[in-house]
Amino acid sequence: MTTSLSEEIQAEVQKRRTFAIISHPDAGKTTLTEKLLLFGGAIRLAGTVKARKASKHATSDWMEIEKQRGISVTSSVMQFDYNGNRVNILDTPGHQDFSEDTYRTLTAADSAVMLIDSAKGVETQTKKLFQVCRKRGIPIFTFINKMDREGQSPFELLEELEQVLGIRSFPMNWPIGSGKQFCGVYDRVKVQLELFQGGEHNEIQVAKVDGYQDPLVKQIAGDYLHQRLCEDLELLDVAGDPLDYDKVRQGELTPVFFGSAINNFGVQTFLDNFLQLAPFPEPRNSSAGEISPFGEQFTGYVFKIQANMNPAHRDRIAFLRICSGKFERGMSVKHIRAGKDIKLSQPQQFLAQDRDIVDVAYPGDIIGLFDPGIFRIGDSLCQGGEVIFDELPTFSPELFSKVTVKNALKQKSYQKGIDQLTEEGTIQVFRNIGGFDEMILGVVGQLQFEVLEHRMKSEYGVDIQLHRMNFQFARWLIDDHIDPGKFRINSQLVKDKKGNYVALFENEYALRTAIDKNPNAKFLETAP
């Protein structure tokens, strides 16, 4: 019996789970990603962050500067199969200086896993990223990490989720002790104990029980911890929220799991539950209305561009989120912005820096397209008709620098590097509108400037010198009659790469002065 294209797409879409992991730096995000890949059979040995100085490096951190510093500064994509599901993980930079890359990556996810350090609770960067997820209304699953270390009480952590983030929670399991006393979790849904034994938990040690009052629980936990467990769970049963799947799907209730990623503890349980609860690929908004993932017409959009993923080949890869239809290698699609048909001949799927040529892919999958310089972030591709997906936002930079090249003979390489890194979204470039053509670079955080200097030298062979400017933020201007003379007090009028007018300001006073002088203008925090 032959399967129609529509049936094939429907079956494949329902297997897919595409999610991003969000957290504050050092909460253990890269470690959790590694362990998920380990359980998915994608890697045999998880290269933990602790082993940075050895030859092992985390699979999801591939850029040289990431290996040196032990942090993630680019979003990476990993795909593996697990229990009949095709899993796409979008690992995002935890460092706040790279939040713009993270925001864009979140648009390609259908759900998010929020990782929280049990000692530190909800931290600044987690709050920012949570708000992006909340705006999109995507389901959020919470993993409270490092339970084998001393931390806050579980109730304090749940209260923080509600008070700081404004989201209700349902603990899927509950910790028995913490730190040195941590001996496992009680699974509230499956009514069983999962035992913590220290070291690597390559297999789950489970004890079936008849509820938390079962004598076996007392025997394993001891009198004191058992009494605390019973009191906690009685309170949760009476006063806690019920598990409401509709509220989970709408992003109003977060299922919470406790564990220790570095010891593998709780990770497989989390993965099994997550794949059951998380949604398959969702419809996407576009100029042609809502695009269903089950549609037969191929559509997708570029949410990220990365140059030099393979320094030996000096390549550029555009990351495409497939939104509908079936992707086949060599197919022709319309590049909407460029207004021409292009052939997608070298598509790739990823396990961080390891890549395989892909022959077919379906909605929810992320594929890499070889980019000879024709793609920009936000570009839409489709077969037949014209579909433009809602454009990805460009955020206001907070740090600005002029730049000089130490060796004037390297000007051509410098321009190539600046062009490529701008198209990646690593930096924003503004040009003076006065008589001389002066380039100003803008970034969200200082680390982006350090990465810029590092990559210009290592990938393009160019030494640059940055000269910091006093501007603190940018505003895009919408006005029919813009007078540069009204932007002279602690501000400067420039143009972005698309030719839009942008005003740079040193402080709030300068911004208020400009608003007063230009009552008909709109001052936007993101690019129009």
Does some side-chain heavy atom of [Y] sit less than 4.5 Å from a side-chain heavy atom of [X]?
{"X": "Val302", "Y": "Arg376", "result": "no"}
{"X": "Asp187", "Y": "Thr269", "result": "yes"}
{"X": "Leu233", "Y": "Leu229", "result": "yes"}
{"X": "Gln213", "Y": "Cys230", "result": "yes"}

Taking all non-hydrogen atoms of both residues, which atom of [X] and which atom of [Y] are closest, and how far apart?
{"X": "Ser118", "Y": "Leu157", "value": "O-CD2, 3.7 Å"}
{"X": "Phe258", "Y": "Pro175", "value": "CD1-CD, 3.5 Å"}
{"X": "Ile167", "Y": "Gly251", "value": "CD1-O, 3.5 Å"}
{"X": "Thr126", "Y": "Ser23", "value": "OG1-C, 3.8 Å"}
{"X": "Ala318", "Y": "Phe375", "value": "CB-CD1, 3.7 Å"}
{"X": "Lys190", "Y": "Lys208", "value": "O-NZ, 3.5 Å"}

Do NZ/NE/NH1/NH2 and the carboxylate oxygens of [X] and [Y] come within less than 4.0 Å?
{"X": "Arg284", "Y": "Asp110", "value": "yes"}
{"X": "Lys15", "Y": "Glu12", "value": "yes"}
{"X": "Asp237", "Y": "Arg188", "value": "yes"}

Among Thr105, Leu369, Ile367, Ile366, whose side chain to side chain contact (heavy atoms under 4.5 Å, CB included) with Phe319 holds?
Ile366

With sequence neighbours excluded, what pairs up with Ser178 under the side chain to side chain contact (heavy atoms under 4.5 Å, CB included) test?
Met147, Glu150

Phe19/Phe274 under ring pair (Phe, Tyr, Trp, His ring centres under 6.0 Å): CA gap, chis, key distance, verdict:
CA-CA 10 Å; Phe19 65 96; Phe274 170 79; 4.6 Å; yes

Run the side chain to side chain donor-acceptor pair (under 3.5 Å) check on Gln276 and Tyr245 step by step: do they pass?
CA-CA 11 Å; Gln276 284 186 335; Tyr245 294 103; over 6 Å; no

Side chain [X], main chain [Y], donor-acceptor under 3.5 Å:
{"X": "Ser287", "Y": "Ile388", "result": "yes"}
{"X": "Arg86", "Y": "Val13", "result": "no"}
{"X": "His226", "Y": "Ile176", "result": "no"}
{"X": "Lys35", "Y": "Ile262", "result": "yes"}
{"X": "Glu398", "Y": "Phe473", "result": "no"}
{"X": "Thr254", "Y": "Ile140", "result": "yes"}
{"X": "Gln428", "Y": "Gly442", "result": "no"}
{"X": "Arg17", "Y": "Ala278", "result": "yes"}
{"X": "Thr18", "Y": "Gly364", "result": "yes"}
{"X": "Asp365", "Y": "Tyr362", "result": "yes"}

Count the heavy atoms belonging to other residues, nucleotides or ligands that lie under 6.0 Å from CD of Glu525, then report whether that count exceeds 12.
no

Can you tell me how the ring of [X] sits relative to the ring of [Y], calling it parallel under 30°, perpendicular over 60° and tilted otherwise?
{"X": "Phe505", "Y": "Phe523", "answer": "tilted"}
{"X": "Phe155", "Y": "Trp174", "answer": "tilted"}
{"X": "Phe182", "Y": "Phe196", "answer": "tilted"}

Here's a test for you: under ring pair (Phe, Tyr, Trp, His ring centres under 6.0 Å), which of Phe265, Phe257, Phe270 qualifies with Phe143?
Phe270

